[in-house]
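Positions are given from 1, in the same order as the sequence printed here.
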Amino acid sequence: FRMLATAPVTVNSFSAGNEANRLVIFRSENANMTIAATAQIKLHGSVNFTGPGMLALLVERIGSLNYAFEISRTNY
């Protein structure tokens, strides 16, 4: 997914609906969007991700909640 936020915003959770085990790759075009390391977003080292760059996540449904696990990231 291409992300281009026109104003600063922070993402605190993701929803995969009823589908489990989704690989999601985000390409952030600028530094206006931050994906926060939260209880449901498990980022390496608990470090928030802010672009521009790419972030790959595995989004899983566990019980009634969705969790995202970082696979890789790169900033440019």
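Residues V59 and I62 do not share a hydrophobic cluster, defined by chaining ILVMFWY side chains whose heavy atoms lie under 4.5 Å apart.
Note on residues 23-40: pairs passing side-chain hydrogen bond (donor to acceptor under 3.5 Å, both in side chains), not counting sequence neighbours, are R27-E29, T34-T50. Residue pairs meeting the side-chain hydrogen bond (donor to acceptor under 3.5 Å, both in side chains) criterion with at least one partner in residues 57-69, sequence neighbours excluded, do not occur; the list is empty.
Heavy atoms only, all atoms of each residue included: G53 and Y76 are closest at CA-CE2, 3.3 Å. The shortest heavy-atom contact between A36 and L43 is C-CD1, 4.0 Å.
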Fill in: Pair F14-V24, side-chain contact (heavy atoms from CB on, under 4.5 Å): steps then yes or no
CA-CA 10 Å; F14 293 104; V24 181; over 6 Å; no

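Once rounded to the nearest 0.5 Å, the distance linking CD1 of I35 with OG of S13 reads 11.0 Å. Rounding to the nearest 0.5 Å gives a distance of 10.5 Å between CG of L55 and OG1 of T74. The line from CD1 of I25 to CZ of R73 is 15.0 Å long, rounded to the nearest 0.5 Å.
With N21 contributing its side chain and L58 its backbone, the two residues share no donor-acceptor pair below 3.5 Å.
Counting heavy atoms from C-beta outward, F26 and L57 have side chains that approach closer than 4.5 Å. Looking at heavy atoms from C-beta onward, M3 lies out of side-chain contact with V9 at the 4.5 angstrom threshold. Between F69 and I41 the shortest side-chain heavy-atom distance does not fall below 4.5 Å.
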